[in-house]
Amino acid sequence: MGNFLVAENICKNFGKFRALNNVSISIPKKSIFGLLGPNGAGKTTLIRIVNQITMPDSGKIYLDGKPLHPNDVGKIGYLPEERGLYKSMKVGEQALYLARLKGLSKAEAKERLEYWFKKLEITHWWDKKIQELSKGMAQKVQFVITVLHQPKLLIFDEPFSGFDPVNAEIIKNEILQLRDEGATILFSTHRMESVEELCEYMALIHEGNKLLDGKVADIKREYKSNTFEVGLTATDETALLKELTANFNVGKANFKSITKDLKLSIQIKPEESPNDLLLYLLSKARVNHFVEVIPSVNDIFIKTVTDNA
Ligand code: ADP
Ligand code: MG
């Protein structure tokens with residue numbers, strides 16, 4: 001399918017400080033790519049480089065297979081981290097103005113804005129001044145302006161910060177729909193859950209270095225530890241626990257259940273099969289719960305950062 005956006009060996013220094021150290025990412029066409037990292041990792045710097053606001057010290061950016069060109073800004077929709085709208089202008093007036101700047105005709109701009117305002121149920125904001133809107137409300141308007149010219153590449157810098165959970169969910173669903181309609185999406189976040197919920201691909205950056213990247217499912221497979229969470233009922237639980245501990249790496253587990261289980265996490269060796277574990281457990285107890293533990297993006301993040309420290 002090919003990559004729509006490629007950043008190759010990007011380095012960026014601010015004076016003596018290295019904000020990005022040889023960072024490369026590739027974003028497949030029509031996918032959602034999450035740039036994950038703590039505050040100060042270098043996410044915004046990379047995004048600003050892709051948007052040609054900041055020049056890298058070295059490295060290259062390719063859009064749809066060709067070196068990025070100043071004219072390409074029109075193909076990109078960019079929601080910056082520092083959101084800026086003119087406070088004293090009215091919402092509708094400003095949206096129309098910014099839409100015209102993106103090359104839409106007046107009629108087109110009006111039609112699309114009406115569509116989006118209706119979709120997000122904000123039509124009644126049209127005649128309000130920006131300064132009358134809350135931070136989240138203004139961000140919703142800016143989201144509309146970002147996607148209005150239907151760019152093939154959408155870049156959202158921390159799109160969920162400033163939103164309450166309900167509006168974050170609305171924006172999340174809009175992002176998924178834009179992807180389904182063919183857009184390629186790059187967004188940055190310091191929130192692991194956003195990556196978990198939205199992304200097919202991710203990169204983890206920390207202190208200017210990329211620590212890992214790839215398909216989220218592949219990364220999870222790589223980081224899984226062959227551990228199973230089990231809920232057991234047995235007549236002599238003490239004896240069972242003793243026997244299990246002698247044979248496996250056993251820990252306590254914590255999950256919700258309606259039976260009074262012995263809740264354990266049991267690790268098997270990579271060459272052992274989950275079926276063997278299950279058969280073994282079935283011969284010793286009633287098995288109420290048996291689930292493989294899949295590492296969360298949060299677990300992976302902590303492990304990667306600790307391993308690199
Ligand atoms: P993130 O978006 O991941 O939180 P940034 O890319 O904004 O991080 O910043 C990465 C690092 O680069 C931070 O330490 C920040 O202080 C520094 N930095 C960013 N922009 C500048 C700048 N214009 N001048 C000096 N330092 C900067
Ligand atoms: Mg940032």
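We number each residue from 1, following the sequence as shown. In each ligand, atom 1 is the first atom listed, and ligand 1 is the first ligand listed.
- Distance check for atom 25 (C) of ligand 1: a protein heavy atom is found below 4.0 Å.
- When atom types are taken as modelled, the side chain of Q267 and the backbone of G251 share no donor-acceptor pair closer than 3.5 angstrom.
- Here the protein heavy atom with the shortest distance to atom 27 (C) of ligand 1 is F14 CD1, 3.3 Å.
- Electrostatic pairing of K118 and E114 does not count as a salt bridge here, judged by no charged N lying under 4.0 Å from a carboxylate O.
- Taking backbone and side-chain atoms together, E81 has an N/O/S atom less than 2.8 Å away from the Mg ion (ligand 2).
- Summarising the geometry, atom CG belonging to L63 is positioned 5.0 Å from atom CG belonging to D72; distances are rounded to the nearest 0.5 Å.
- Remark: minimum distance from atom 10 (C) of ligand 1 to any protein heavy atom is reached at G40 O, 3.3 Å.
- Protein heavy atom in closest approach to atom 7 (O) of ligand 1: T44 CB, 3.5 Å.
- In this structure, K303 does not pair ionically with D299, as no charged nitrogen and carboxylate oxygen lie closer than 4.0 Å.
- Counting heavy atoms from C-beta outward, K75 and L153 have side chains that stay 4.5 Å or more apart.
- Under 2.8 Å from the Mg ion (ligand 2) lies an N/O/S atom of T44, whether from backbone or side chain.
- Those atoms of ligand 1 with a heavy atom of A19 less than 4.0 angstrom away are 12 (O).
- Within a 6.0 Å sphere centred on CD of E111, other residues, nucleotides and ligands contribute 12 heavy atoms or fewer.
- Cluster annotation: L113 is connected to V91 through the hydrophobic network of ILVMFWY side chains, with a link wherever side-chain heavy atoms come within less than 4.5 Å.
- Annotation: E81 places no N or O atom under 3.5 Å from an N or O atom of ligand 1; distance criterion only.
- Inside a 4.0 Å radius of atom 16 (O) of ligand 1 there is not any protein heavy atom.
- Within the structure, the closest approach of G37 to ligand 1 does not fall below 4.0 Å when heavy atoms are considered.
- Closest protein heavy atom to atom 9 (O) of ligand 1: T45 OG1, 3.8 Å.
- Residue F17 approaches ligand 1 through these ligand atoms, each under 4.0 Å from one of its heavy atoms: 11 (C), 12 (O), 14 (O), 17 (C).
- Atoms of ligand 1 lying under 4.0 Å from at least one heavy atom of N39, given by number and element, are 4 (O).
- Within ligand 1, the atoms closer than 4.0 Å to a non-hydrogen atom of P38 are 3 (O), numbered from 1 in the order shown.
- Seen from the ring of F160, K172 does not count as a face-on cation partner, given the 6.0 Å and 45° thresholds.
- Note: I25 CD1 to D213 CG = 8.0 Å, rounded to the nearest 0.5 Å.
- Here the side chains of F228 and L278 are not in contact, with every heavy-atom distance at 4.5 Å or above.
- At least one N/O-N/O distance between G42 and ligand 1 falls below 3.5 Å.
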